[in-house]
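Working notes, beginning with the structure itself.
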Amino acid sequence: MTIRKIQEYPAPVLRQQTSAIDSFDESLHTLVKDMAETMYAAPGIGLAAPQIGQSLKLIVVDISKDKDGEKEYMAMVNPEIIEREGTQLDEEGCLSVPELTSKVKRAKKITVIYQDLQGTKMQMVTEDRFAVVLQHEIDHINGILFLDHLSALKRALYKKKVKKWLDGEQD
Ligand code: NI
């Protein structure tokens, strides 16, 4: 397993259209293991393939039962939200959007269709915090960042901050 480099805003790969996955081979399994390792090393609770520069419809999410216990994750291939219900407001951050957290309005309950690592079609209904994580990660494979859900003012302030960092790196 390898820890991959996490792409950060404004990397173009975070905005690209991703490709659907149609082969469930060893290379997919390796990619998933690398994503899980990268996520836990960061540390994070979810990671989408574009965040490590792979423009694919693939996410991994942490499903560990106990914070200090054994780490457990699941991979979702070609995930898509087919139903949304209600709203909730919860704090979000993103490994690709460093040093920013903010409340984001999301659906309270969602139905997701996806494939598992063998290519089997699955469906999941989930709500609350896990629904937030899934909406955040599925946004990534559609080129959307949590930043896009914030007010224009908050977004502009963050862009300004990043520009300053990038200018600083060039000095
Ligand atoms: Ni993210």
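All ligand and atom numbering here is 1-based and tracks the order in the structure. The structure presented is a predicted model; accordingly, all values stated were derived computationally and were not measured.
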What pairs with Glu8 under side-chain contact (heavy atoms from CB on, under 4.5 Å), at least two apart in sequence or on another chain? Pro98

Nearby protein N/O/S atoms (those under 2.8 Å) for the Ni ion (ligand 1), with water ignored: Cys94 SG, His136 NE2, His140 NE2

Should the pair Asp66-Lys71 be classified as a salt bridge under the 4.0 Å nitrogen-to-oxygen rule? no

Would the distance check show the side chain of Thr18 and the main-chain N or O of Asn142 forming a donor-acceptor pair, the cut-off being under 3.5 Å? no

By side chain to side chain donor-acceptor pair (under 3.5 Å), Ser27 pairs with (sequence neighbours left out) Asp25

Anything under 30° is parallel, anything over 60° is perpendicular, the rest tilted; go ahead and classify Tyr158 against Tyr9. tilted

Sequence neighbours excluded, every pair satisfying side-chain hydrogen bond (donor to acceptor under 3.5 Å, both in side chains) that has a member inside residues 100-112: Glu91-Thr101, Glu92-Arg106, Ser102-Lys154, Arg106-Asp139, Arg106-His149, Lys108-Asp128

